[in-house]
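Encoded as structure tokens, the structure appears first; notes follow it.
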Amino acid sequence: MLSSIVSWALNMRVLVVAAAAALLVVGINATRHAPLDVFPEFAPPLVEVQTEAPGLSTEEVDALVTVPLENSLNGLPFLKTLRSKSVLGLSSVVMIFDTGTDILKARQLVQERLNLAQNRLPAVVKPPVLMAPYSSLSRVLKVGLKSDTLTQMEMSELARWTMRPRLMSVKGVANVAIWGQRDKQFQVLVDPQKLRAAGVTLDAITKAAGDAAVISAGGFVDTPNQRLSVAQLALITTPEDLARTVVEFRNGAPIRLGDVAEVKIGHPAPIGDAVINDGDGILLIVEKQPWGNTLDVTKGVEKMLEELKPALPGMTIDSTIFRPASFIEISIHHLTEALWLGCLLVVVVLALFLGDWRTTVISITAIPLSLAMALLLLAWSGQTINTMILAGLIIALGEVVDDAIIDVENILRRLRQNPTKSRFAVVLEASLEVRSAVVYASVIIVLVFVPVFFLPGLAGTFFRPLALSYILAITASLLVALTVTPALSLMLLKVKPGAHRDAFLARGMKALYRGVLPFFARSAWLAVLVLIAAFAGTGWVWQTQMKEEFLPNFKERDFLMHWLEKPNTSVEASKRITIAAATDLMKVKGVRNQGSHIGRAEVADEVVGPDFTELWISIDPDADYDATIKKVQGVVDGYPGLTRDLLTFLRERIKEVLTGASASVVVRIFGPDLDTLRTHAAEVSAAVKDIPGISALKVESLSLVPQITVKVKPETAALHGLTAGQIRQAVTTLISGRKVGEVYQDQRVHDVQVWSVPSARADFTTLRDLLIETPSGGHTRLADVADVVIVPTPNAIKREGASRRIDVTCNVSGRALGDVVPEIEAAIAKLTFKPGHHPEILGEWAERQAAQSQLGWLALGSLAGILVLLLADFQSVRLTLLVALTLPFALIGGVMAAWLGGGVLSLGSLVGFVTVLGIAARNGILLVSHYRHLEQEEGHAFGLPTVLQGSEERLVPILMTAATAALALLPLVLKGDVPGNEIERPMALVILGGLVTSTLLNLFLLPALYARFGKGATAA
């Protein structure tokens, strides 16, 4: 088949070259507008259901809302994990589905279950809301709004009714959450004392306000010739209109709402707030859909904000508080720069080795063609071009040219040796001569990468695009070498008899190699000793000097800090300390701006109380990165009374996806009893707190907080003629307010609410003295008909897998993750847990161990496949084992390079080891295959002269392939840990080191081993 393909390409060479040129144009055009992102979508399909339960305590939300919803949603097809959280007035149930599940299908299944479960929820609970589908990096922009002339309520009006609808219309936007929102509300504030003095009941106030704000249909009137619609115009447009509403008539005179209550424009009690820079403001958080592209969504939102500016007079808009698109743009720029620089270095090294423009051009052609073909296939399959795909192409860059180099070099050598023979026949024979070895080597490279496709969890999600782009590029290069390279060689290569001389660099390398190789080739046992010593040294370094981590820190310039105050802290108290911290942060040189959100917002992804704050800071691009972060950390550490941490967005999201908690190590304790869970969590915290390297250690704040409970006394209430329902309705209206209607103005909707004056609900004592009306027209104190007491209650209840749980979390600093976690495991193993309670260690370390274990077993399977392919190619067990022995050559250099580069093995390093195995196998196969060719096809006798000749003839192709692969990766290594290079650099470092040792050992030790142990293997 290979002979037919090459023959067809040579016969149709003009058509093949024209098709290649057309493919290059189409590929470049298709990828110019391809969507770009920083990482592939790494979160599994997730569906969240939020249920508002106004006025219900945490325990009531858990028992009456969360557990029934969990029972209804459990057992869904493809459901992997079920998590929930209950806080005051809100339930959140999160369902994580198996990777690959269609998110729209999952949402449909959830909605079907919700339709059945909704009728079983209490009447006071609002209908469950299926949250918009989010991606792992859903937050694409944080927009800060400030004004010197507008109030918070006026800015909220503009944000809710002008900005949010327009931003939601941008393609790819899933949600726009508004923190600091103060919705305009028509409020009727009653004072029970005044009502009693006026003889007006709370029910009368509620009915009058509701009747005034009701919207009624007018219908239509038919005349003989036409139909006329009837509209009943609303009477309420201002608070004064509402204040003039008649409550009742007494002695022929009306009593109006304004006579017995305070009617004004106000806003509901805040559930959260925002701080922009160091003062009041509103924070808009724009979130994208899973299929939305960060750069496109960001540009669309920014364009819409620019268009909206004329409609937002007096308001300052800052869209740079958090802009991940900036990190993406910088990362893509660095990787693209590395790609082009790598291409340039490859071209230079080919020109130096080949010394001829024709052979250089033919070889170089494989680079753009292979990359264009790979990118075109990725674009057609709907893939987003991200840093991992670009990294795969950069790694493949030096190898896509290998096939062409080997082919061109062999064709040129054969043309010089056969000047009188038909050029067509020589090119065909020379191409087929190396084609078998090249095909087997390429298949082995692909096989080496197969384990990456089966990596579990986050590791697989990150590295599968890299493996895919790498394999596509290698496969494309093989196709180019089978068709375009022979066609161009036949068209361009010209050989003049007797006029050939190798390039200066090639001549020098061959002369040096010719002088050194005989010493090594005659010393097989010395080669064996060198190998044993190298393996022993590598093993010692691996065991004693290397540290392990999951993923590196990312060089983002957007940081977030979690501030967690004491449970039950009010919004006002949280805002005070947030403003103080924001003021200190804004004084740090290099901090450009800051935006904070406190508590939660309506229809947002944060299920927290007002004690939780996130501060987001943006560092100026020109500021010293490390120095600025150190100063910011100093500010953070200056608030010791708070639980706090400092993270980049990517790091926080990765941790959140892994465990649902933003920490590197999570000890999750499961059990049915909250008190026991808290006790065990304290024990775990005490057991691990003194372990060196642990930082930001905290026990999840699932603690008991004070709660006012109102329990009706039936007998006493009956004596006053009151039912439990009447008392509860009165308490609800006076304490939390009751919506009685709506006012429509200029396409905006404003609630009408009956509430009490602030002094009536100021503290525990005033609540006890709250006046409740009796049917007889009198009043009684709330404390007389109900027990009003303060009792402890959980501030939050979290569940996972139908079990309550609590987390003990920490980060690691100053030591490697792989050194700290085993000590944590040992400390926890000494603890005793009550029946029904048990701990699990989750987080980055657990994910790394799972990925490493899976990668190890899959690598063994891949190695077995490689051995089978080698056996199929060589038809000799001895030669197969000989080539297999060359594979560890690469590991030696990889380990040494990682050691010299910092001594940290990340997941990227492990993938680098897998990658370099295939490259090492390729050179070994080509060298041994050429020895066999000399013996079988050219009649050379087995022996040292044949080994020396074969090694020298393969020297230039091996050096060129190794040099191109190494130089393609060199820009990644030299650039350091710049944005976009954090995962790729450790991988490139391992591959670069492996290339050096595998090339040296293949060139100097493999000939010696073949000369000593290869006799008779060819005949076999």
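A quick note: this is a predicted structure, and the numbers were derived from the prediction, not measured.
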Mind checking the [atom1]-[atom2] spacing from [X] to [Y]? Nearest 0.5 Å is all I need.
{"X": "Ile797", "Y": "Ile806", "atom1": "CD1", "atom2": "CD1", "result": "11.5 Å"}
{"X": "Ile577", "Y": "Thr613", "atom1": "CD1", "atom2": "OG1", "result": "8.5 Å"}
{"X": "Glu52", "Y": "Ser91", "atom1": "CD", "atom2": "OG", "result": "10.0 Å"}
{"X": "Thr648", "Y": "Ile619", "atom1": "OG1", "atom2": "CD1", "result": "10.5 Å"}

Using modelled atom types and a 3.5 Å cut-off, is there a donor and acceptor pairing between side-chain atoms of [X] and backbone atoms of [Y]?
{"X": "Thr162", "Y": "Ala159", "answer": "no"}
{"X": "Ser574", "Y": "Val571", "answer": "no"}
{"X": "Glu556", "Y": "Phe649", "answer": "yes"}
{"X": "Asn277", "Y": "Gln594", "answer": "yes"}
{"X": "Lys85", "Y": "Val607", "answer": "yes"}
{"X": "Glu287", "Y": "Val173", "answer": "no"}
{"X": "Gln181", "Y": "Gln152", "answer": "no"}
{"X": "Thr569", "Y": "Glu565", "answer": "no"}
{"X": "Asn811", "Y": "Ala696", "answer": "no"}

Is [Y] paired with [X] through a side-chain N to carboxylate O contact shorter than 4.0 Å?
{"X": "Arg107", "Y": "Glu48", "answer": "no"}
{"X": "Arg139", "Y": "Glu606", "answer": "yes"}
{"X": "Glu306", "Y": "Lys309", "answer": "yes"}
{"X": "Asp280", "Y": "Lys575", "answer": "yes"}
{"X": "Arg600", "Y": "Glu614", "answer": "no"}
{"X": "Asp273", "Y": "Arg182", "answer": "yes"}
{"X": "Asp183", "Y": "Arg160", "answer": "yes"}

Query raised in the report: Quick one: do the Ser86 and Thr66 side chains pair a donor with an acceptor below 3.5 Å?
Result: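 Looking only at side-chain atoms, Thr66 and Ser86 do form a donor-acceptor pair, the distance falling under 3.5 Å.
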Requested in this report: Check the side chains of Ser326 and Arg323 for a donor-acceptor pair under 3.5 angstrom, ignoring hydrogens and angles.
Outcome: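 Side-chain D/A pair, Arg323 to Ser326: present.
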Decide if atom [atom1] of [X] counts as having more than 12 heavy atoms of other residues, nucleotides or ligands within a radius under 6.0 Å.
{"X": "Asp148", "atom1": "CG", "result": "no"}
{"X": "Trp161", "atom1": "CH2", "result": "yes"}
{"X": "Glu602", "atom1": "CD", "result": "no"}

Return the minimal non-hydrogen interatomic distance between [X] and [Y], and the atom names on each side.
{"X": "Trp291", "Y": "Pro133", "result": "CH2-CG, 4.1 Å"}
{"X": "Pro567", "Y": "Val705", "result": "CB-CG1, 3.3 Å"}
{"X": "Leu88", "Y": "Thr58", "result": "N-OG1, 3.5 Å"}
{"X": "Leu295", "Y": "Ala325", "result": "CD2-CB, 3.6 Å"}
{"X": "Lys288", "Y": "Asn293", "result": "CD-C, 4.3 Å"}

Requested in this report: Would you sort out whether Val812 and Ile694 count as a side-chain contact (heavy atoms from CB on, under 4.5 Å), showing the intermediate values?
Outcome: CA-CA 5 Å; Val812 174; Ile694 284 185; 5.5 Å; no
Requested in this report: Output all residues satisfying side-chain contact (heavy atoms from CB on, under 4.5 Å) with Lys303, sequence neighbours left out; order by chain, then residue number.
Outcome: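 By the side-chain contact (heavy atoms from CB on, under 4.5 Å) rule, Lys303 matches Glu307.
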Requested in this report: Report the residues that fulfil side-chain contact (heavy atoms from CB on, under 4.5 Å) with Asp622, sequence neighbours left out, ordered by chain and then residue number.
Outcome: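 Once residues adjacent in sequence are excluded, the partners of Asp622 under the side-chain contact (heavy atoms from CB on, under 4.5 Å) criterion are Asp620.
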Would you say that [X] contacts [Y] through its side chain, given a criterion of any heavy-atom pair below 4.5 Å between the two side chains?
{"X": "Val608", "Y": "Val87", "result": "no"}
{"X": "Met131", "Y": "Val49", "result": "no"}
{"X": "Lys126", "Y": "Thr51", "result": "no"}
{"X": "Ser156", "Y": "Ile282", "result": "yes"}
{"X": "Thr81", "Y": "Val94", "result": "no"}
{"X": "Met163", "Y": "Leu145", "result": "yes"}

Requested in this report: Show your working on side-chain contact (heavy atoms from CB on, under 4.5 Å) between Ile276 and Asp318 and close with a plain yes or no.
Outcome: CA-CA 9 Å; Ile276 305 301; Asp318 185 358; 5.7 Å; no
Requested in this report: Apply side-chain contact (heavy atoms from CB on, under 4.5 Å) to the pair Val665 and Thr809, showing each step before the final yes or no.
Outcome: CA-CA 6 Å; Val665 182; Thr809 63; over 6 Å; no
Query - Trp616: which of Phe559, Trp563, Phe322 passes ring pair (Phe, Tyr, Trp, His ring centres under 6.0 Å) - result: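 Result: among Phe559, Trp563, Phe322, Phe322 is the only option passing the ring pair (Phe, Tyr, Trp, His ring centres under 6.0 Å) with Trp616.
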Requested in this report: Would you sort out whether Asp611 and Asn568 count as a side-chain contact (heavy atoms from CB on, under 4.5 Å), showing the intermediate values?
Outcome: CA-CA 6 Å; Asp611 56 309; Asn568 258 29; over 6 Å; no
